[in-house]
There are 2 protein chains.
Amino acid sequence: MLQHSILETLPGPLRREALSGLQPLHFEHGKILFRAGDPCQGLPLVLNGSVKVQMTGLSGHSIVLYRMGADEICTLSIGCLMTGDGFRAEAVVEDDAEVYMVPRGLFDRLMDQSADFRLGIMESYGRRLNDLMLLVEEVAFRRMDERLFQWLEARVGQGVITITHQELAVELGTAREVVSRLLKEFERKGLLRLARGKIEFTDSFPR
Amino acid sequence: MLQHSILETLPGPLRREALSGLQPLHFEHGKILFRAGDPCQGLPLVLNGSVKVQMTGLSGHSIVLYRMGADEICTLSIGCLMTGDGFRAEAVVEDDAEVYMVPRGLFDRLMDQSADFRLGIMESYGRRLNDLMLLVEEVAFRRMDERLFQWLEARVGQGVITITHQELAVELGTAREVVSRLLKEFERKGLLRLARGKIEFTDSFPR
DNA sequence: AGCCCTGTGTGACTTTATCACTGAACCTTC
DNA sequence: GAAGGTTCAGTGATAAAGTCACACAGGGCT
């Protein structure tokens with residue numbers, strides 16, 4: 001059954017009320033949950049799949065800020081929900097996802113009625129803030145070759161990755177050419193094999 | 001009288017209860033409110049003055065993440081307060097500040113009892129998240145000379161700024177040498193005059 | 001004066017970003 | 001399956017930013 005742990009903690013009657021007002025929305029790969037400037041429809045609770053949140057700067061460059069997986073909350077939406085301001089970022093579905101959209105009224109009621117719900121929201125906020133702080137540090141001070149290597153390392157289990165250099169540049173917040181050159185370097189060292197839109201790890205890639 | 005707008009919204013009895021449990025703490029310039037790794041004592045409500053929050057990366061470099069002024073809330077503390085994890089960042093007082101420290105119990109009670117308090121907390125969280133998102137964009141994509149120029153521009157009213165190049169480098173998340181060279185460049189263009197620990201704007205600095 | 005500490009200036013070099021362009025891989029459409 | 005268009009990838013040249021190493025200046029102290 002579709003569930004989200006922040007709803008599990010609700011006392012029976014409140015949970016029934018919440019669930020009766022929610023139906024899971026299905027989003028396919030590539031679908032945009034929201035764009036920069038969009039007003040906020042409600043608080044998304046991600047049930048499964050994967051959604052990445054990225055923003056585009058004045059310069060026209062984009063960078064991935066963080067991703068949300070199963071059982072996570074799109075905390076970024078709360079601010080917009082409260083103030084009515086539009087989003088600064090956009091959310092793109094990576095792996096097909098199912099999402100509950102908690103409307104403002106229900107959100108307020110849950111915040112009012114359940115200490116556990118509040119705790120869940122606060123924890124989620126804390127994690128997000130932490131993610132962003134670490135990202136700032138990484139972008140400001142870490143070398144690009146290390147960051148790219150780590151990104152690859154985290155996905156070495158998949159054997160072959162399907163991604164373009166441009167998309168990878170957005171992941172890291174750099175330019176496509178930089179990614180191309182670094183990947184070529186890794187290929188020369190025998191760590192991976194490159195093909196159009198694909199990266200294949202060799203056996204000599206450390207794991 | 002010392003006050004913070006998030007407490008103003010509380011209904012009379014709750015406000016009296018809150019204020020009776022709080023006394024303003026005075027922090028002087030240079031005092032550290034908390035360090036990386038410290039456990040969280042409570043939620044700081046900044047009544048006046050100015051506090052900067054900065055973090056130090058693995059590389060040993062530091063960067064200022066954001067600042068808090070009068071009537072702001074150190075939202076970063078909430079995550080630590082909830083999870084019991086230590087801070088990732090440190091908070092340094094710039095202008096002498098007075099601060100209420102809201103302990104965990106009182107915070108929980110206010111969250112439980114007041115929708116306005118919750119709203120204030122959520123808005124503060126939203127602002128912080130926005131600040132950090134903009135910072136990521138800035139660090140990732142903006143040129144250092146522009147960023148330094150903007151930083152100076154925001155302080156042109158002061159006439160003379162007392163700051164070392166090293167401190168300015170931490171503001172922008174770059175290296176001291178980069179700041180030195182860029183400032184020298186500005187000086188050559190006649191925008192400012194440099195002295196040990198000081199930057200003086202000339203009349204040709206645009207304002 | 002002599003010494004020390006902190007802050008600044010700068011050359012040499014590496015890494016990253018930007019610009020401009022080439023060619024390869026894939027997708028249509030006929 | 002050849003022709004033409006589109007998306008991806010590779011690469012040289014150059015500029016910006018970060019790193020390393022070191023010289024020297026300003027100001028405080030003995």
Side-chain angles (χ1 to χ4, degrees), chain A residues 29-30 56-64 135-152 160-201, chain B residues 30 56-64 135-152 160-200:
Chain A
H29 168 82
T56 302
L58 297 173
S59 54
H61 287 103
S62 301
I63 183 170
V64 172
L135 182 61
V136 167
E137 195 263 327
E138 192 166 312
V139 169
F141 303 129
R142 300 277 267 281
R143 291 182 46 140
M144 200 47 84
D145 52 357
E146 283 176 39
R147 292 178 55 210
L148 174 56
F149 189 86
Q150 276 181 19
W151 193 96
L152 293 168
V160 180
I161 307 176
T162 301
I163 194 171
T164 67
H165 296 184
Q166 177 56 51
E167 288 165 337
L168 204 28
V170 170
E171 288 288 329
L172 301 174
T174 182
R176 200 262 314 158
E177 298 92 317
V178 174
V179 171
S180 289
R181 275 190 253 260
L182 290 174
L183 284 176
K184 210 67 196 165
E185 188 73 16
F186 290 160
E187 191 182 40
R188 272 193 283 274
K189 288 182 187 165
L191 299 178
L192 36 80
R193 271 182 293 276
L194 298 175
R196 187 188 170 87
K198 287 198 166 38
I199 300 171
E200 187 183 352
F201 296 102
Chain B
T56 302
L58 298 174
S59 53
H61 287 104
S62 301
I63 183 171
V64 172
L135 181 60
V136 168
E137 197 264 326
E138 193 166 312
V139 170
F141 302 130
R142 300 278 266 282
R143 290 180 45 140
M144 199 48 81
D145 52 357
E146 284 176 37
R147 293 179 55 209
L148 175 56
F149 188 86
Q150 276 181 21
W151 193 96
L152 293 168
V160 180
I161 306 174
T162 301
I163 193 171
T164 67
H165 297 184
Q166 178 56 48
E167 287 165 339
L168 203 28
V170 170
E171 288 288 329
L172 300 173
T174 183
R176 198 264 314 158
E177 297 92 317
V178 174
V179 171
S180 289
R181 274 190 257 259
L182 290 173
L183 284 176
K184 208 69 195 165
E185 188 74 16
F186 290 159
E187 190 181 41
R188 271 193 284 272
K189 287 181 185 163
L191 298 178
L192 37 81
R193 270 184 293 277
L194 298 176
R196 186 187 172 87
K198 287 198 166 38
I199 300 171
E200 187 182 354

- Nearest-nucleotide wise, let me know which of B:Leu182 and B:Glu177 is further upstream toward the 5' end of DNA chain D.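 Its nearest nucleotide lies further toward 5', so the answer is B:Leu182.
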- If you pin A:Arg196 and B:Arg142 to their nearest nucleotides in DNA chain D, which one's is more 5'?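 Final value for this comparison: A:Arg196.
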For [X] and [N], give me the distance from atom [atom1] to atom [atom2], rounded to whole Å.
X: A:Ile199; N: D:dC8; atom1: CD1; atom2: C1'; value: 13 Å
X: B:Arg143; N: C:dT16; atom1: CZ; atom2: C1'; value: 13 Å
X: A:Leu168; N: C:dA17; atom1: CG; atom2: P; value: 13 Å
X: A:Lys198; N: D:dT7; atom1: NZ; atom2: C1'; value: 14 Å
X: B:Leu194; N: D:dG26; atom1: CG; atom2: C1'; value: 14 Å
X: A:Arg193; N: D:dA9; atom1: CZ; atom2: P; value: 17 Å
X: B:Leu148; N: D:dA16; atom1: CG; atom2: P; value: 15 Å
X: A:Met144; N: D:dA17; atom1: CE; atom2: P; value: 14 Å

Please determine whether a side-chain nitrogen or oxygen atom of [X] lies at a distance below 4.0 Å from atom OP1 or OP2 of [N].
X: A:Thr164; N: D:dT7; result: no
X: A:His165; N: D:dC8; result: no
X: A:His61; N: C:dT18; result: yes

- Close side-chain approach of B:Leu183 and B:Leu152, heavy atoms under 4.5 Å: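 When only atoms from C-beta onward are counted, B:Leu152 and B:Leu183 do touch, with a gap below 4.5 Å.
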- Item | Selected nucleotide, minimal atom distance to A:Ser180 side chain, candidates D:dA9, D:dG18, D:dA16 |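 Of the options given, the side chain of A:Ser180 lies nearest D:dA9.
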- Message: Please determine whether side chain to side chain contact (heavy atoms under 4.5 Å, CB included) holds for the pair A:Ile199 and A:Leu168, giving the CA-CA distance in whole Å, both sets of side-chain angles, and the decisive distance to 0.1 Å.
- Response: CA-CA 11 Å; A:Ile199 300 171; A:Leu168 204 28; 3.8 Å; yes
- Upstream residue (5' side of DNA chain C) when B:Arg181 and B:Ile163 are each assigned their closest nucleotide: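 Its nearest nucleotide being more 5', the pick is B:Ile163.
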- Query: Does the base of D:dC8 carry an N or O that pairs as donor and acceptor with the side chain of A:Gln166 under 3.5 Å?
  - Reply: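 No such pair is found, so the answer is no.
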- Message: Quick one: does any side-chain atom of B:Glu146 pair with a main-chain N or O of B:Arg143 as donor and acceptor, under 3.5 Å?
- Response: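 Not at all, since once roles are kept as given, no pair shorter than 3.5 Å links the two residues.
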- Does any N or O in the side chain of B:Glu137 come within less than 3.5 Å of the main-chain N or O of A:Leu58, such that one atom is a donor and the other an acceptor?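 Judged by distance alone, yes, a pair lies under 3.5 Å.
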- Give the ring-plane orientation class for A:His61 versus B:Phe141, where under 30° counts as parallel, over 60° as perpendicular and anything between as tilted.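 Correct class here is parallel.
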- Query: What does A:Arg176 touch in the nucleic acid at a heavy-atom separation under 4.0 angstrom: a base, only the sugar-phosphate, or nothing?
  - Reply: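 A:Arg176: base contact, heavy atoms under 4.0 Å.
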